[in-house]
There are 2 protein chains.
Amino acid sequence: MIHNNIYFQIELTARKIRQYGQNVLRSHGIDITIEQWLVLNVINDNETTNQIFIGEKLVKDKPTISRMVNQLGKKGFIIKTSSSSDSRQVSLSISKKGKTLIHNLQPIIEGIRLKGLQELSEKESQHIKSILNKIQKNLDT
Amino acid sequence: MIHNNIYFQIELTARKIRQYGQNVLRSHGIDITIEQWLVLNVINDNETTNQIFIGEKLVKDKPTISRMVNQLGKKGFIIKTSSSSDSRQVSLSISKKGKTLIHNLQPIIEGIRLKGLQELSEKESQHIKSILNKIQKNLDT
DNA sequence: TATTTTTAGTTGTCTAGCTAACTATTTTTA
DNA sequence: TAAAAATAGTTAGCTAGACAACTAAAAATA
């Protein structure tokens with residue numbers, strides 16, 4: 001049966017996490033997606049980063065990053081300029097509005113995180129990460 | 001760091017599974033997506049099912065099922081008629097072409113499954129499913 | 001029985017993810 | 001140094017997932 005299939009459960013859990021998180025953000029009237037928040041965070045942790053770097057961190061392809069960066073720009077959370085050293089590259093940084101958002105989001109995101117991980121022991125957390133990693137490695141080769 | 005985040009790893013693993021599976025299907029020249037294959041399987045296991053039932057099994061919403069069923073119909077893998085007892089409902093069944101596809105896909109899908117689960121013990125398989133289930137339940141309430 | 005409510009399915013609109021094809025720079029190398 | 005190859009990013013086209021709004025038919029209820 002499909003519900004006993006590990007792949008199905010991984011994919012379903014991923015969807016439920018995204019959906020729950022998105023609902024919480026919406027309930028706070030915050031105009032950003034979970035995925036966009038991840039991008040914003042990479043930029044926040046690495047000022048003047050380019051899009052390739054974000055893609056490597058988040059393991060997403062160039063078009064996906066390009067579009068999410070555009071969204072974040074439209075919403076005024078980031079500033080996108082051309083790199084002075086290499087004009088192929090962009091240079092991304094957080095705007096004031098973006099900094100405020102990140103600040104306000106911290107406790108909300110932490111709340112989402114804790115909600116899903118309730119009653120998961122440290123051992124279980126480590127274990128699931130190691131198993132997921134094993135599956136990923138199996139599929140990489 | 002994001003790579004140490006359980007949610008990120010769950011979502012990433014889900015993407016890698018889909019991507020690997022899709023590549024294998026493509027390499028066999030098979031014109032179907034992993035998600036469509038799941039729908040096809042539910043129909044195969046439950047002849048004359050309707051779309052609500054598929055949605056319940058796969059935990060997907062009505063528009064998503066509606067569109068995937070349409071794709072499978074266009075490709076000639078299923079036959080969609082109106083239910084005689086309730087004309088709101090559709091009645092879905094597998095075509096000959098669909099049956100052939102399912103038959104040919106069995107070993108390929110099994111190969112994909114085994115590839116990812118290499119060196120996972122039965123205990124680990126059970127464990128990850130129980131942890132994923134715990135996370136899902138945490139988010140449901 | 002007439003009206004209201006529920007149910008099954010579709011359509012529209014948006015975001016994300018993927019592939020492929022493209023432009024425009026920068027780097028390699030012949 | 002001129003031509004070829006690699007790199008950063010964008011655009012286009014597709015599927016899936018989510019939400020909202022809709023149609024049409026069935027079921028409930030007053």
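A note on names: the letters A, B, ... follow the listed sequences, proteins ahead of strands, and every chain is numbered from 1.
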> Among residues 15-54 of chain A, which contact DNA chain C at a heavy-atom distance under 4.0 Å?
Replying inline: A/T33, A/E35, A/Q36
>> Please list, in numerical order, the residues of residues 55-67 of chain A that have a heavy atom closer than 4.0 Å to any atom of DNA chain C.
In response: A/K60, A/D61, A/P63, A/T64, A/R67
> How would you list, by chain and number, every residue that makes a side chain to side chain contact (heavy atoms under 4.5 Å, CB included) with A/T64, sequence neighbours excluded?
Replying inline: A/K60, A/D61, A/M68
> Under the side chain to side chain contact (heavy atoms under 4.5 Å, CB included) test, which residues partner A/T100, sequence neighbours left out?
Replying inline: A/N104
Expressed in angstrom and rounded to an integer, what is the separation of [X] atom [atom1] from [N] atom [atom2]?
X: A/F8; N: D/dG17; atom1: CZ; atom2: P; answer: 10 Å
X: B/N70; N: D/dA16; atom1: CG; atom2: C1'; answer: 14 Å
X: B/M68; N: D/dA16; atom1: CE; atom2: C1'; answer: 7 Å
X: B/L12; N: C/dA16; atom1: CG; atom2: P; answer: 17 Å

>> My understanding is that only one of A/I54, A/T33, A/L58 makes a side chain to side chain contact (heavy atoms under 4.5 Å, CB included) with A/L38; could you say which?
In response: A/L58
>> Using only atom types and a distance under 3.5 Å, with no angle test, would you say the side chain of B/S125 pairs donor to acceptor with the backbone of B/S121?
In response: yes
>> Looking at A/N4, is its backbone amide N or carbonyl O close enough to the side chain of A/Q9 to form a donor-acceptor pair, meaning the two atoms are under 3.5 Å apart?
In response: no
>> If a pair means Watson-Crick or G-U wobble with both distances below 3.5 Å, what does DNA chain C look like in dot-bracket form, with | marking bases paired to a different strand?
In response: ||||||||||||||||||||||||||||||
Would you please name every residue forming a ring pair (Phe, Tyr, Trp, His ring centres under 6.0 Å) with [X], sequence neighbours left out?
X: A/Y20; result: none
X: B/Y7; result: none
X: B/H127; result: A/H127

> Which salt bridge (Lys or Arg N to Asp or Glu O under 4.0 Å) pairs, counting each pair once, include a residue from residues 122-141 of chain A, with sequence neighbours left out?
Replying inline: A/E124-B/K134, A/K134-B/E124, A/D140-B/K16
>> Show every salt bridge (Lys or Arg N to Asp or Glu O under 4.0 Å) that has at least one partner inside residues 104-118 of chain A, sequence neighbours left out.
In response: A/E110-A/R113
> Among A/R67, A/K75, A/Q71, which residue meets the side chain to side chain donor-acceptor pair (under 3.5 Å) test with A/Q36?
Replying inline: A/K75
>> How long is the straight-line distance from CG of A/N50 back to CG of A/D86, given to the nearest 0.5 Å?
In response: 8.5 Å
> When you measure from every atom of DNA chain D, which of residues 74-91 of chain B have a heavy atom less than 4.0 Å away?
Replying inline: B/D86, B/S87, B/R88
Report, one line per pair, each donor and acceptor closer than 3.5 Å where one atom sits in a side chain of residues 21-29 of chain A; sequence neighbours left out.
{"unit_1": "A/Q22", "atom_1": "OE1", "unit_2": "A/I34", "atom_2": "N", "d": "3.1"}
{"unit_1": "A/Q22", "atom_1": "NE2", "unit_2": "A/I32", "atom_2": "O", "d": "3.0"}
{"unit_1": "A/N23", "atom_1": "OD1", "unit_2": "A/R26", "atom_2": "NH2", "d": "2.4"}
{"unit_1": "A/N23", "atom_1": "ND2", "unit_2": "A/Q19", "atom_2": "O", "d": "3.4"}
{"unit_1": "A/S27", "atom_1": "OG", "unit_2": "A/V24", "atom_2": "O", "d": "2.6"}
{"unit_1": "A/H28", "atom_1": "ND1", "unit_2": "A/V24", "atom_2": "O", "d": "3.0"}

